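Scope of the values below: all heavy atoms of this structure, side chains included, with no hydrogens, waters or symmetry mates. The structure displayed is predicted, hence computed values, not measured ones.
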Amino acid sequence: MNLRSEGDAGARFSAYVEGLVSVVGHADRIGPLRDYCTGLILPGERKSVEPMAAKTAPARTAPQHQSLLHFVGVAAWPDGKVLAKVREMVLPAIQQHGPIEAWIIDDTAFPKQGKHSVGVHHQYCGQLGKQANCQVAVSLSIANHAASLPVAYRLYLPKDWVDDDARRSKAGVPSDISFKTKPEIALEQIRWACEAGLPRGVALMDGAYGSDSRLRAGMTALGVTYVAGVQPKALVWPSGSGPRRQGKLNNKGRRDEPGLMSIKEVALGLPKRAWRTIRWREGSADWLSSRFARVRVRVGHSQTVSQLISQEWLLIEWPEGEAEPTKYWLSTLPANISFRQLVDFAKLRWRIERDYQELKQEVGLGHYEGRGWRGFHHHATMCIAAYGFLISEREMIPPSRPRSTTIFTKPVLPDGYRPRGSSLAA
(Lines give C-alpha, C1' and ligand atoms only; values in the text may rest on other atoms or scores of the structure.)
Protein backbone atom coordinates (compact mmCIF):
# COMPACT_ATOMS: atom_id res chain seq x y z
CA MET A 1 0.00 0.00 0.00
CA ASN A 2 1.34 3.40 -1.02
CA LEU A 3 -0.03 5.73 1.63
CA ARG A 4 1.23 8.81 -0.21
CA SER A 5 -0.91 8.00 -3.22
CA GLU A 6 -4.12 8.44 -1.21
CA GLY A 7 -5.81 11.82 -0.83
CA ASP A 8 -5.35 14.04 2.22
CA ALA A 9 -3.98 12.94 5.59
CA GLY A 10 -7.41 11.77 6.77
CA ALA A 11 -7.87 9.56 3.70
CA ARG A 12 -4.39 8.12 4.05
CA PHE A 13 -5.01 7.44 7.73
CA SER A 14 -8.25 5.60 6.88
CA ALA A 15 -6.38 3.49 4.33
CA TYR A 16 -3.68 2.74 6.90
CA VAL A 17 -6.27 1.67 9.50
CA GLU A 18 -7.95 -0.55 6.91
CA GLY A 19 -4.65 -2.34 6.52
CA LEU A 20 -4.43 -2.93 10.27
CA VAL A 21 -8.06 -4.03 10.46
CA SER A 22 -7.32 -6.85 8.03
CA VAL A 23 -5.27 -8.67 10.70
CA VAL A 24 -7.14 -7.99 13.98
CA GLY A 25 -9.99 -10.41 13.42
CA HIS A 26 -13.52 -9.48 14.51
CA ALA A 27 -15.35 -6.62 12.79
CA ASP A 28 -16.29 -5.15 16.16
CA ARG A 29 -12.61 -4.23 16.67
CA ILE A 30 -12.53 -1.90 13.65
CA GLY A 31 -13.97 1.13 15.43
CA PRO A 32 -11.90 0.79 18.61
CA LEU A 33 -8.71 0.23 16.59
CA ARG A 34 -9.36 3.35 14.50
CA ASP A 35 -10.22 5.40 17.60
CA TYR A 36 -7.23 4.14 19.59
CA CYS A 37 -4.81 5.04 16.79
CA THR A 38 -6.53 8.39 16.36
CA GLY A 39 -6.24 9.14 20.06
CA LEU A 40 -2.51 8.35 19.99
CA ILE A 41 -1.89 10.69 17.05
CA LEU A 42 -4.05 13.59 18.25
CA PRO A 43 -2.31 16.33 20.26
CA GLY A 44 -2.69 15.93 24.01
CA GLU A 45 -0.84 15.73 27.28
CA ARG A 46 -1.92 12.17 28.10
CA LYS A 47 -2.43 9.20 25.76
CA SER A 48 -3.96 6.80 28.28
CA VAL A 49 -7.43 5.35 27.64
CA GLU A 50 -9.54 7.89 29.55
CA PRO A 51 -8.32 11.09 27.82
CA MET A 52 -8.29 9.34 24.43
CA ALA A 53 -11.94 8.37 24.95
CA ALA A 54 -12.79 12.01 25.69
CA LYS A 55 -10.96 13.20 22.57
CA THR A 56 -12.35 10.61 20.16
CA ALA A 57 -15.96 10.56 21.43
CA PRO A 58 -16.62 13.71 23.52
CA ALA A 59 -20.40 13.18 23.43
CA ARG A 60 -20.19 9.59 24.72
CA THR A 61 -17.00 9.43 26.76
CA ALA A 62 -18.08 6.73 29.25
CA PRO A 63 -19.03 4.02 26.72
CA GLN A 64 -16.05 4.96 24.55
CA HIS A 65 -13.81 4.54 27.60
CA GLN A 66 -15.13 1.01 28.13
CA SER A 67 -14.78 0.19 24.44
CA LEU A 68 -11.13 1.26 24.30
CA LEU A 69 -10.35 -0.47 27.60
CA HIS A 70 -11.72 -3.75 26.27
CA PHE A 71 -9.90 -3.37 22.95
CA VAL A 72 -6.48 -2.79 24.49
CA GLY A 73 -6.69 -4.85 27.68
CA VAL A 74 -8.99 -7.80 26.94
CA ALA A 75 -9.44 -8.45 23.20
CA ALA A 76 -7.18 -11.27 21.99
CA TRP A 77 -5.90 -9.81 18.72
CA PRO A 78 -2.35 -10.79 17.66
CA ASP A 79 0.40 -8.25 18.31
CA GLY A 80 2.79 -10.01 15.95
CA LYS A 81 0.43 -9.86 12.98
CA VAL A 82 -0.33 -6.18 13.55
CA LEU A 83 3.38 -5.32 13.79
CA ALA A 84 4.01 -7.31 10.60
CA LYS A 85 1.29 -5.32 8.82
CA VAL A 86 2.75 -2.04 10.09
CA ARG A 87 6.13 -3.13 8.74
CA GLU A 88 4.62 -4.09 5.38
CA MET A 89 2.93 -0.68 4.99
CA VAL A 90 5.70 1.55 6.38
CA LEU A 91 8.86 -0.13 5.08
CA PRO A 92 8.42 1.21 1.50
CA ALA A 93 8.38 4.79 2.84
CA ILE A 94 11.58 4.16 4.81
CA GLN A 95 13.28 2.49 1.84
CA GLN A 96 12.55 5.44 -0.44
CA HIS A 97 15.65 6.93 1.17
CA GLY A 98 17.83 3.82 0.88
CA PRO A 99 17.97 0.18 1.98
CA ILE A 100 17.78 -1.00 5.58
CA GLU A 101 21.26 -0.68 7.06
CA ALA A 102 20.90 -1.60 10.73
CA TRP A 103 19.07 -3.74 13.26
CA ILE A 104 19.14 -1.81 16.52
CA ILE A 105 18.79 -3.58 19.87
CA ASP A 106 17.83 -1.61 22.96
CA ASP A 107 15.38 -1.39 25.85
CA THR A 108 13.28 1.33 27.41
CA ALA A 109 11.96 1.77 30.94
CA PHE A 110 8.71 3.07 32.41
CA PRO A 111 8.75 4.29 36.04
CA LYS A 112 5.86 2.73 38.01
CA GLN A 113 4.55 2.94 41.54
CA GLY A 114 3.40 -0.13 43.45
CA LYS A 115 4.13 -3.76 42.61
CA HIS A 116 1.11 -5.02 40.70
CA SER A 117 1.73 -3.70 37.16
CA VAL A 118 3.11 -6.59 35.14
CA GLY A 119 6.91 -6.84 35.30
CA VAL A 120 7.39 -3.90 37.65
CA HIS A 121 10.54 -4.34 39.71
CA HIS A 122 13.25 -2.31 41.44
CA GLN A 123 15.84 -2.22 38.65
CA TYR A 124 17.85 0.23 36.57
CA CYS A 125 15.55 2.79 34.95
CA GLY A 126 17.17 4.55 32.02
CA GLN A 127 14.54 7.30 32.02
CA LEU A 128 15.52 8.24 35.59
CA GLY A 129 19.19 7.27 35.33
CA LYS A 130 19.08 5.23 38.55
CA GLN A 131 17.61 2.15 40.23
CA ALA A 132 13.86 2.56 40.65
CA ASN A 133 10.53 0.78 40.43
CA CYS A 134 9.89 0.37 36.71
CA GLN A 135 8.95 -1.85 33.80
CA VAL A 136 11.52 -2.54 31.07
CA ALA A 137 10.80 -3.63 27.50
CA VAL A 138 13.34 -4.95 24.99
CA SER A 139 12.96 -4.01 21.34
CA LEU A 140 14.47 -4.50 17.90
CA SER A 141 14.25 -1.71 15.29
CA ILE A 142 15.16 -1.73 11.62
CA ALA A 143 16.81 1.47 10.41
CA ASN A 144 18.63 3.41 7.77
CA HIS A 145 20.00 6.93 7.97
CA ALA A 146 16.56 8.42 7.21
CA ALA A 147 14.27 6.58 9.62
CA SER A 148 13.77 3.62 11.93
CA LEU A 149 10.84 1.46 13.01
CA PRO A 150 10.45 -0.97 15.94
CA VAL A 151 9.60 -4.45 14.63
CA ALA A 152 9.73 -6.52 17.84
CA TYR A 153 8.86 -5.51 21.40
CA ARG A 154 8.66 -7.59 24.60
CA LEU A 155 8.41 -6.89 28.29
CA TYR A 156 11.32 -8.12 30.39
CA LEU A 157 9.86 -10.23 33.19
CA PRO A 158 12.17 -10.35 36.26
CA LYS A 159 12.73 -13.70 37.95
CA ASP A 160 10.66 -12.66 40.98
CA TRP A 161 7.70 -12.29 38.64
CA VAL A 162 8.38 -15.49 36.73
CA ASP A 163 8.37 -17.48 39.98
CA ASP A 164 5.26 -15.81 41.46
CA ASP A 165 2.28 -17.81 40.19
CA ALA A 166 -0.30 -15.58 41.88
CA ARG A 167 1.01 -12.35 40.34
CA ARG A 168 1.49 -14.03 36.97
CA SER A 169 -2.11 -15.23 36.96
CA LYS A 170 -3.54 -11.88 38.00
CA ALA A 171 -1.54 -10.04 35.32
CA GLY A 172 -2.36 -12.62 32.64
CA VAL A 173 1.23 -13.62 31.89
CA PRO A 174 1.12 -16.47 29.34
CA SER A 175 2.12 -19.86 30.71
CA ASP A 176 4.91 -20.27 28.14
CA ILE A 177 6.76 -17.15 29.31
CA SER A 178 9.85 -18.25 31.23
CA PHE A 179 12.71 -16.20 32.63
CA LYS A 180 15.03 -14.74 30.02
CA THR A 181 17.68 -12.09 30.50
CA LYS A 182 17.44 -8.97 28.36
CA PRO A 183 20.26 -10.14 26.05
CA GLU A 184 18.50 -13.50 25.69
CA ILE A 185 15.30 -11.71 24.66
CA ALA A 186 17.33 -9.62 22.21
CA LEU A 187 18.90 -12.72 20.64
CA GLU A 188 15.45 -14.29 20.38
CA GLN A 189 14.29 -11.19 18.47
CA ILE A 190 17.34 -11.31 16.19
CA ARG A 191 16.70 -14.99 15.48
CA TRP A 192 13.06 -14.23 14.69
CA ALA A 193 14.09 -11.39 12.32
CA CYS A 194 16.39 -13.79 10.45
CA GLU A 195 13.67 -16.43 10.16
CA ALA A 196 11.10 -13.82 9.07
CA GLY A 197 13.37 -12.70 6.25
CA LEU A 198 13.58 -9.05 7.29
CA PRO A 199 15.94 -6.92 5.19
CA ARG A 200 19.36 -7.54 6.71
CA GLY A 201 21.19 -4.88 8.67
CA VAL A 202 24.23 -4.62 10.91
CA ALA A 203 23.18 -5.27 14.53
CA LEU A 204 23.90 -2.24 16.73
CA MET A 205 23.80 -2.28 20.53
CA ASP A 206 25.13 -0.41 23.52
CA GLY A 207 27.41 -1.79 26.22
CA ALA A 208 24.55 -3.29 28.25
CA TYR A 209 23.95 -5.76 25.41
CA GLY A 210 27.26 -5.77 23.56
CA SER A 211 29.17 -6.89 26.65
CA ASP A 212 27.25 -10.17 26.64
CA SER A 213 29.53 -12.59 24.79
CA ARG A 214 26.70 -15.11 24.34
CA LEU A 215 24.65 -12.53 22.46
CA ARG A 216 27.57 -11.63 20.21
CA ALA A 217 28.40 -15.30 19.59
CA GLY A 218 24.74 -16.04 18.87
CA MET A 219 24.55 -13.31 16.26
CA THR A 220 27.73 -14.55 14.60
CA ALA A 221 26.23 -18.06 14.46
CA LEU A 222 23.18 -16.55 12.71
CA GLY A 223 25.40 -14.75 10.20
CA VAL A 224 24.52 -11.30 11.58
CA THR A 225 27.39 -8.80 11.70
CA TYR A 226 27.44 -6.36 14.59
CA VAL A 227 28.88 -3.19 16.08
CA ALA A 228 28.59 -3.75 19.81
CA GLY A 229 29.39 -1.36 22.60
CA VAL A 230 31.56 -3.04 25.25
CA GLN A 231 33.06 -2.23 28.62
CA PRO A 232 36.73 -1.18 28.91
CA LYS A 233 37.59 -4.34 30.87
CA ALA A 234 36.76 -6.62 27.90
CA LEU A 235 39.72 -8.89 27.10
CA VAL A 236 41.38 -9.18 23.69
CA TRP A 237 44.54 -10.19 21.92
CA PRO A 238 45.70 -7.23 19.81
CA SER A 239 46.52 -7.74 16.14
CA GLY A 240 49.74 -9.66 15.71
CA SER A 241 49.21 -11.72 18.84
CA GLY A 242 46.64 -14.28 19.81
CA PRO A 243 46.01 -17.75 21.15
CA ARG A 244 48.32 -20.43 19.84
CA ARG A 245 45.75 -23.05 20.84
CA GLN A 246 42.22 -23.13 22.13
CA GLY A 247 41.96 -23.04 25.91
CA LYS A 248 39.07 -22.50 28.27
CA LEU A 249 38.85 -19.47 30.52
CA ASN A 250 40.36 -19.96 33.94
CA ASN A 251 38.76 -18.76 37.20
CA LYS A 252 39.81 -15.15 36.51
CA GLY A 253 38.15 -15.13 33.11
CA ARG A 254 41.48 -15.27 31.20
CA ARG A 255 42.56 -17.92 28.75
CA ASP A 256 45.74 -19.81 29.50
CA GLU A 257 47.61 -17.88 26.80
CA PRO A 258 49.97 -14.89 27.02
CA GLY A 259 49.22 -11.46 25.56
CA LEU A 260 45.58 -11.14 26.63
CA MET A 261 44.80 -7.60 27.78
CA SER A 262 41.86 -5.28 28.42
CA ILE A 263 40.71 -3.06 25.58
CA LYS A 264 41.42 -0.04 27.77
CA GLU A 265 45.04 -1.18 27.99
CA VAL A 266 45.09 -1.55 24.22
CA ALA A 267 43.69 1.96 23.77
CA LEU A 268 46.16 3.58 26.15
CA GLY A 269 49.05 1.85 24.42
CA LEU A 270 48.24 3.04 20.90
CA PRO A 271 50.62 5.55 19.29
CA LYS A 272 49.50 9.09 18.54
CA ARG A 273 49.33 8.37 14.81
CA ALA A 274 46.58 5.78 15.42
CA TRP A 275 44.07 8.49 16.34
CA ARG A 276 42.00 10.35 13.75
CA THR A 277 39.31 12.99 13.99
CA ILE A 278 36.25 11.71 12.11
CA ARG A 279 32.88 13.35 11.57
CA TRP A 280 29.83 11.18 11.02
CA ARG A 281 26.59 13.19 10.94
CA GLU A 282 25.37 16.75 10.58
CA GLY A 283 24.03 17.98 13.91
CA SER A 284 21.87 20.97 14.83
CA ALA A 285 24.71 23.49 14.50
CA ASP A 286 27.64 21.68 12.89
CA TRP A 287 28.94 18.26 11.94
CA LEU A 288 29.32 15.83 14.83
CA SER A 289 32.92 14.70 15.15
CA SER A 290 35.30 13.12 17.63
CA ARG A 291 38.68 11.38 17.82
CA PHE A 292 38.83 7.63 17.12
CA ALA A 293 41.27 4.77 16.75
CA ARG A 294 40.68 1.27 15.44
CA VAL A 295 42.71 -1.92 15.60
CA ARG A 296 42.17 -5.56 14.69
CA VAL A 297 41.86 -7.86 17.71
CA ARG A 298 40.84 -11.35 18.71
CA VAL A 299 38.31 -11.41 21.53
CA GLY A 300 38.88 -13.62 24.57
CA HIS A 301 35.61 -15.23 25.64
CA SER A 302 34.41 -18.71 26.50
CA GLN A 303 31.78 -18.92 23.77
CA THR A 304 34.29 -19.74 21.02
CA VAL A 305 36.16 -22.86 22.11
CA SER A 306 35.74 -25.24 19.20
CA GLN A 307 36.96 -23.07 16.33
CA LEU A 308 39.57 -20.49 15.53
CA ILE A 309 38.87 -17.10 17.06
CA SER A 310 38.27 -14.64 14.23
CA GLN A 311 39.64 -11.14 14.15
CA GLU A 312 37.26 -8.26 14.83
CA TRP A 313 37.50 -4.52 14.81
CA LEU A 314 38.05 -2.73 18.11
CA LEU A 315 36.86 0.86 17.70
CA ILE A 316 37.74 3.38 20.41
CA GLU A 317 36.51 6.93 20.95
CA TRP A 318 38.71 9.36 22.88
CA PRO A 319 37.41 12.93 22.53
CA GLU A 320 39.87 15.80 22.73
CA GLY A 321 40.14 17.08 26.29
CA GLU A 322 39.06 13.82 27.95
CA ALA A 323 41.48 12.14 30.35
CA GLU A 324 40.87 8.68 28.85
CA PRO A 325 38.81 6.94 26.16
CA THR A 326 35.05 7.23 26.63
CA LYS A 327 33.57 4.49 24.41
CA TYR A 328 34.58 1.13 22.98
CA TRP A 329 33.01 -1.09 20.33
CA LEU A 330 33.72 -4.54 18.91
CA SER A 331 32.64 -5.19 15.34
CA THR A 332 32.53 -8.09 12.90
CA LEU A 333 32.20 -5.75 9.91
CA PRO A 334 34.62 -6.64 7.08
CA ALA A 335 38.32 -5.97 7.47
CA ASN A 336 38.24 -3.67 4.43
CA ILE A 337 35.51 -1.35 5.70
CA SER A 338 36.57 2.29 5.74
CA PHE A 339 37.30 4.02 9.04
CA ARG A 340 34.50 6.52 8.54
CA GLN A 341 31.96 3.79 7.68
CA LEU A 342 32.85 1.92 10.85
CA VAL A 343 32.34 5.06 12.95
CA ASP A 344 29.13 5.83 11.08
CA PHE A 345 27.65 2.43 11.94
CA ALA A 346 28.66 2.77 15.60
CA LYS A 347 26.95 6.15 15.80
CA LEU A 348 23.82 5.14 13.87
CA ARG A 349 22.43 3.73 17.11
CA TRP A 350 21.15 7.25 17.84
CA ARG A 351 18.12 6.30 15.76
CA ILE A 352 16.72 4.14 18.56
CA GLU A 353 16.98 7.09 20.93
CA ARG A 354 14.87 9.10 18.48
CA ASP A 355 12.39 6.21 18.27
CA TYR A 356 11.85 6.13 22.01
CA GLN A 357 11.76 9.92 22.32
CA GLU A 358 8.98 10.18 19.76
CA LEU A 359 7.14 7.07 20.90
CA LYS A 360 7.00 8.44 24.45
CA GLN A 361 6.54 12.15 23.82
CA GLU A 362 4.36 12.10 20.71
CA VAL A 363 2.30 8.90 20.84
CA GLY A 364 2.25 8.11 24.57
CA LEU A 365 4.16 4.82 24.78
CA GLY A 366 4.59 5.23 28.54
CA HIS A 367 1.05 6.39 29.29
CA TYR A 368 -0.70 3.03 29.58
CA GLU A 369 -2.29 2.70 33.03
CA GLY A 370 -3.36 -0.95 32.96
CA ARG A 371 -1.56 -3.71 34.82
CA GLY A 372 -1.82 -6.75 32.55
CA TRP A 373 0.55 -8.42 30.10
CA ARG A 374 -1.86 -8.26 27.15
CA GLY A 375 -2.71 -4.59 27.65
CA PHE A 376 0.94 -3.61 28.04
CA HIS A 377 1.84 -5.19 24.70
CA HIS A 378 -1.36 -4.15 22.90
CA HIS A 379 -0.78 -0.50 23.86
CA ALA A 380 2.83 -0.68 22.65
CA THR A 381 1.72 -2.26 19.37
CA MET A 382 -0.81 0.52 18.78
CA CYS A 383 1.84 3.14 19.61
CA ILE A 384 4.22 1.57 17.08
CA ALA A 385 1.37 1.50 14.54
CA ALA A 386 0.65 5.21 15.13
CA TYR A 387 4.35 6.00 14.93
CA GLY A 388 4.59 4.03 11.69
CA PHE A 389 1.84 6.16 10.16
CA LEU A 390 3.69 9.33 11.17
CA ILE A 391 6.85 7.98 9.50
CA SER A 392 4.93 7.27 6.31
CA GLU A 393 3.41 10.76 6.37
CA ARG A 394 6.50 12.91 6.44
CA GLU A 395 9.75 13.25 4.60
CA MET A 396 12.61 12.40 6.90
CA ILE A 397 14.18 15.63 8.13
CA PRO A 398 17.37 16.33 10.11
CA PRO A 399 17.00 16.10 13.89
CA SER A 400 17.78 19.83 14.10
CA ARG A 401 14.38 20.69 12.62
CA PRO A 402 11.10 20.35 14.54
CA ARG A 403 8.72 17.50 13.97
CA SER A 404 5.02 17.54 14.66
CA THR A 405 2.27 14.98 15.00
CA THR A 406 -0.45 17.58 14.43
CA ILE A 407 -2.02 15.85 11.43
CA PHE A 408 -5.61 16.12 12.65
CA THR A 409 -7.40 19.06 14.22
CA LYS A 410 -7.36 19.05 18.00
CA PRO A 411 -10.84 17.95 19.18
CA VAL A 412 -13.07 19.91 21.52
CA LEU A 413 -13.22 18.17 24.90
CA PRO A 414 -16.21 18.24 27.27
CA ASP A 415 -16.33 21.35 29.47
CA GLY A 416 -14.28 20.97 32.63
CA TYR A 417 -12.68 17.70 31.52
CA ARG A 418 -9.36 16.92 33.25
CA PRO A 419 -7.70 13.54 32.60
CA ARG A 420 -6.19 11.60 35.48
CA GLY A 421 -2.46 12.14 35.63
CA SER A 422 -2.70 15.60 34.09
CA SER A 423 -0.89 18.46 35.79
CA LEU A 424 -4.06 20.47 35.16
CA ALA A 425 -5.93 18.24 37.57
CA ALA A 426 -3.70 19.13 40.49
Go through the structure and list residues passing ring-ring contact (aromatic ring centres under 6.0 Å, His included) with [X], not counting sequence neighbours.
| X | result |
| --- | --- |
| H367 | none |
| W161 | none |
| W313 | none |

Flag this pair as yes if the NZ/CZ of [X] is under 6.0 angstrom from the six-membered ring centre of [Y] and inside a 45 degree cone about the axis; otherwise no.
| X | Y | value |
| --- | --- | --- |
| K47 | Y368 | no |
| R281 | W287 | no |
| R29 | F71 | no |

Compare all side-chain heavy atoms of [X] with those of [Y] and state whether any distance is below 4.5 angstrom.
| X | Y | value |
| --- | --- | --- |
| W103 | V224 | yes |
| K264 | I316 | no |
| Y156 | P158 | yes |
| Y356 | S139 | yes |
| S148 | I352 | no |

Distance-only donor-acceptor hits, side chain of residues 186-200, under 3.5 Å, sequence neighbours excluded:
| unit_1 | atom_1 | unit_2 | atom_2 | d |
| --- | --- | --- | --- | --- |
| Q189 | NE2 | V138 | O | 3.1 |
| R200 | NH1 | G223 | O | 3.3 |

Do you see a donor-acceptor pair shorter than 3.5 Å between the side chains of [X] and [Y]?
| X | Y | result |
| --- | --- | --- |
| S290 | K347 | no |
| T332 | E312 | no |
| H145 | E101 | yes |
| H378 | D79 | yes |

Side chain [X], main chain [Y], donor-acceptor under 3.5 Å:
| X | Y | value |
| --- | --- | --- |
| Q123 | A132 | no |
| R340 | R279 | yes |
| S338 | Q341 | yes |
| S331 | Y226 | yes |
| R374 | V74 | yes |
| R154 | A137 | no |
| S211 | A208 | no |
| T220 | R216 | yes |
| H377 | L155 | yes |
| E265 | S262 | yes |

* Name all residues meeting the side-chain hydrogen bond (donor to acceptor under 3.5 Å, both in side chains) criterion together with D106; count only those two or more places apart in sequence or in a different chain, and write none if there are none. =>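 Listed in chain order: R349.
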* Who passes side-chain hydrogen bond (donor to acceptor under 3.5 Å, both in side chains) against N336, sequence neighbours left out? ->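 Residues passing side-chain hydrogen bond (donor to acceptor under 3.5 Å, both in side chains) with N336: none at all.
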* Asked: If you round to the nearest 0.5 Å, how far is CD of E353 from OG1 of T108?
  ->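 Output value for this atom pair is 10.5 Å.
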* Should we say atom CD of Q113 is surrounded by more than 12 heavy atoms from elsewhere, each under 6.0 Å from it? ->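 Atom CD in Q113 is not crowded, with 12 or fewer foreign heavy atoms closer than 6.0 Å.
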